[in-house]
Amino acid sequence: MRLLLVEDDDHVAAALSAVLARHGFQVVHARNGEEALRALLPADKEPFGVILLDLGLPDQDGYEVCGKIRKRTATPVIMVTARADVRSRIHGLNLGADDYVTKPYDTGELLARIHAVARRTTSGEDTAPTPVAALSLGPVAIELPTRRVSVDGEEVQLTRKEFDLLALLAQRPGVVFRREQIISEVWRTSWEGTGRTLEVHVASLRSKLRLPALIETVRGVGYRLVAPSA
């Protein structure tokens with residue numbers, strides 16, 4: 001698999017490239033945002049399977065680069081960041097990143113995340129859920145075929161995973177979904193490290209829909225959707 005590594009520190013890039021190469025990856029190294037965007041241009045080469053994007057770039061803000069990458073390709077993007085706060089993670093996911101790792105990270109965890117996002121893409125799990133009906137939950141309207149969500153008639157822009165998560169919970173209001181079940185159905189993986197990504201997506205949904213109580217945390221079990229009053 002070809003992997004685009006966007007990292008301005010040559011020493012870090014060399015060490016990581018060596019590790020990735022030992023695990024079968026063909027690494028292309030970009031030292032800044034402009035090099036990363038240029039690397040996506042050649043159409044005659046095998047497309048990248050994953051983009052590993054460090055946010056601390058010298059020429060452009062890493063979030064800005066992530067947004068530009070997403071406009072050019074659907075290749076999975078894993079952000080590498082020293083910013084551990086939830087808001088920073090949500091911002092990156094909203095721009096189209098598929099996952100994130102926080103520095104300092106374990107190499108084994110990074111490899112697991114790379115393989116996880118690659119599996120999600122090749123397995124086609126980003127297809128919309130099979131039901132074709134629209135769901136109405138108080139002020140929240142969910143159109144499954146078109147993947148549109150609105151609150152009080154105002155459309156809300158969700159990422160692919162945010163919509164899949166909301167659609168899963170909304171089809172059975174009041175039912176508690178175990179974390180493992182959600183991760184299996186939405187992310188199509190059983191890897192337990194995805195749990196942190198699930199928490200960030202839940203927080204993002206609560207914020208975007210402006211309904212903090214819509215998704216209830218059932219401590220030690222998982223989440224359920226509490227249908228609001230109209």
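Numbering starts at 1 and runs along the sequence shown.
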> Within this structure, what is the SG-CD1 distance for the pair C66 and I51, rounded to the nearest 0.5 Å?
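So the SG of C66 and the CD1 of I51 are separated by 8.5 Å.
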> Just how far is it from atom CG of L166 to atom OG1 of T159, taken to the nearest 0.5 Å?
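Separation between the atoms: 10.5 Å.
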> Please tell me if the side chains of H201 and W187 come closer than 4.5 Å, counting only heavy atoms from C-beta onward.
yes
> Does the side chain of V101 reach to within under 4.5 Å of the side chain of M79, using non-hydrogen atoms?
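The answer is no; the side chains never approach within 4.5 Å.
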> Between D99 and T197 (side chain of the first, backbone of the second, donor and acceptor by atom type, cut-off under 3.5 Å), is there such a pair?
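No.
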> Between R70 and D98, is there a salt bridge with N-O shorter than 4.0 Å?
yes
> Determine whether L16 and L111 fall in the same hydrophobic cluster, where Ile, Leu, Val, Met, Phe, Trp and Tyr are linked whenever their side-chain heavy atoms lie under 4.5 Å apart.
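Same cluster.
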> Does any non-hydrogen side-chain atom of V77 lie less than 4.5 Å from one of V117?
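A side-chain contact under 4.5 Å is absent here.
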> Between L53 and G62, what is the shortest heavy-atom contact and its length?
CD2-O, 3.7 Å
> Applying side chain to side chain contact (heavy atoms under 4.5 Å, CB included), run through T81 and D54 and close with a yes or a no.
CA-CA 6 Å; T81 175; D54 190 282; over 6 Å; no
> When rounded to the nearest 0.5 angstrom, what is the spacing between OG1 in T107 and NE2 in H23?
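So the gap between those two atoms works out to 8.5 Å.
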> Go through it in stages, so that I can follow the logic: the residues are L4 and L40, the test is side chain to side chain contact (heavy atoms under 4.5 Å, CB included), and I'd like the CA-CA distance, side-chain angles, deciding distance and then a yes or no.
CA-CA 9 Å; L4 178 59; L40 298 174; 4.0 Å; yes
> Kindly determine whether V175 and R224 satisfy side chain to side chain contact (heavy atoms under 4.5 Å, CB included), including the steps that lead there.
CA-CA 6 Å; V175 174; R224 68 180 166 197; 6.0 Å; no
> Mind checking whether F25 and H115 have ring centres under 6.0 Å apart?
yes
> Should E46 and R2 count as an ion pair when the cut-off is N to O under 4.0 Å?
no
> With the side chain counted from C-beta on, respond yes when H29 and D10 share a heavy-atom pair under 4.5 Å apart, and no when they do not.
yes
> Quick check on the hydrophobic clustering: are Y105 and L5 connected, directly or via other members, by side-chain heavy-atom contacts under 4.5 Å?
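The answer is yes; both residues are in one hydrophobic cluster.
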> Among the clusters formed by ILVMFWY side chains lying less than 4.5 Å apart, do I182 and V226 turn up in the same one?
no
> Would you give the length of the straight line joining atom CG of L168 to atom CZ of F163, rounded to the nearest 0.5 angstrom?
11.0 Å
> Closer than 4.0 angstrom, basic N to acidic O: yes or no for R210 and E154?
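Salt bridge present between R210 and E154.
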> Do the side chain of T73 and the main chain of T75 share a donor and acceptor less than 3.5 angstrom apart?
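Present.
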> Check whether any side-chain heavy atom of L52 lies under 4.5 Å from a side-chain heavy atom of V27, and answer yes or no.
no
> Show the nearest heavy-atom pair for residues E162 and K208, with the distance to one decimal.
OE1-NZ, 2.8 Å
> Do V221 and L198 belong to the same hydrophobic cluster, where Ile, Leu, Val, Met, Phe, Trp and Tyr are linked whenever their side-chain heavy atoms lie under 4.5 Å apart, directly or via other members?
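Not linked; separate clusters.
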> Of the non-hydrogen atoms in G33 and V65, which two are nearest, and what is the gap between them?
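Scanning both residues, the minimum pair turns out to be CA-CG2, 3.8 Å.
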> Would you say CZ of R206 has more than 12 non-hydrogen atoms from neighbouring residues, nucleotides or ligands within 6.0 angstrom?
yes
> Specify the closest pair of heavy atoms between A36 and V6, including all atoms of both residues, with the distance to one decimal.
CB-CG2, 3.6 Å
> For A13, does its backbone N or O pair with a side-chain atom of S17 as donor and acceptor, under 3.5 Å?
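Pair found, side chain donor or acceptor close to backbone of A13.
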> With a 4.5 Å limit on heavy-atom distance, are the side chains of Q171 and L135 in contact?
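Answer yes - side chains close enough.
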> Decide, yes or no, whether a salt bridge links R179 with E199 under the criterion of side-chain N to carboxylate O below 4.0 Å.
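Yes, charged N to carboxylate O under 4.0 Å.
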> Find the distance between CG (D59) and CG (N32) and round it off to the nearest 0.5 Å.
4.0 Å
> Does any part of the side chain of D164, heavy atoms only, come nearer than 4.5 Å to the side chain of V186, both counted from C-beta?
yes
> Which pair of non-hydrogen atoms, one from V140 and one from V151, has the smallest distance, and what is that distance?
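Reported closest heavy-atom pair: CG2-CG2, 4.3 Å.
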> Checking the side chain of D8 only, and the main-chain atoms of P58 only, is there a donor and an acceptor separated by less than 3.5 Å?
no
> If you measure from CG on L137 to CG on L214, what distance do you get to the nearest 0.5 Å?
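Output value for this atom pair is 7.5 Å.
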> Test side chain to side chain contact (heavy atoms under 4.5 Å, CB included) on V28 and L3; report intermediate values, then the result.
CA-CA 6 Å; V28 175; L3 181 147; over 6 Å; no
> Is the shortest heavy-atom distance from the side chain of R147 to the side chain of I142 under 4.5 Å?
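Heavy-atom side-chain distance check fails, nothing below 4.5 Å.
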> Would E64 and K68 pass as an ion pair if we require N to O under 4.0 Å?
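Counted as a salt bridge, because a side-chain N and a carboxylate O are separated by less than 4.0 Å.
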> Indicate the atoms forming the closest heavy-atom contact of L144 with A167, along with that distance.
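Heavy-atom minimum between the residues: CD2-CB, 3.7 Å.
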> Answer yes or no: is there an ion pair linking E7 with R31, defined by an N-O contact shorter than 4.0 Å?
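Judged by the 4.0 Å cut-off on N to carboxylate O distance, E7 and R31 do not form a salt bridge.
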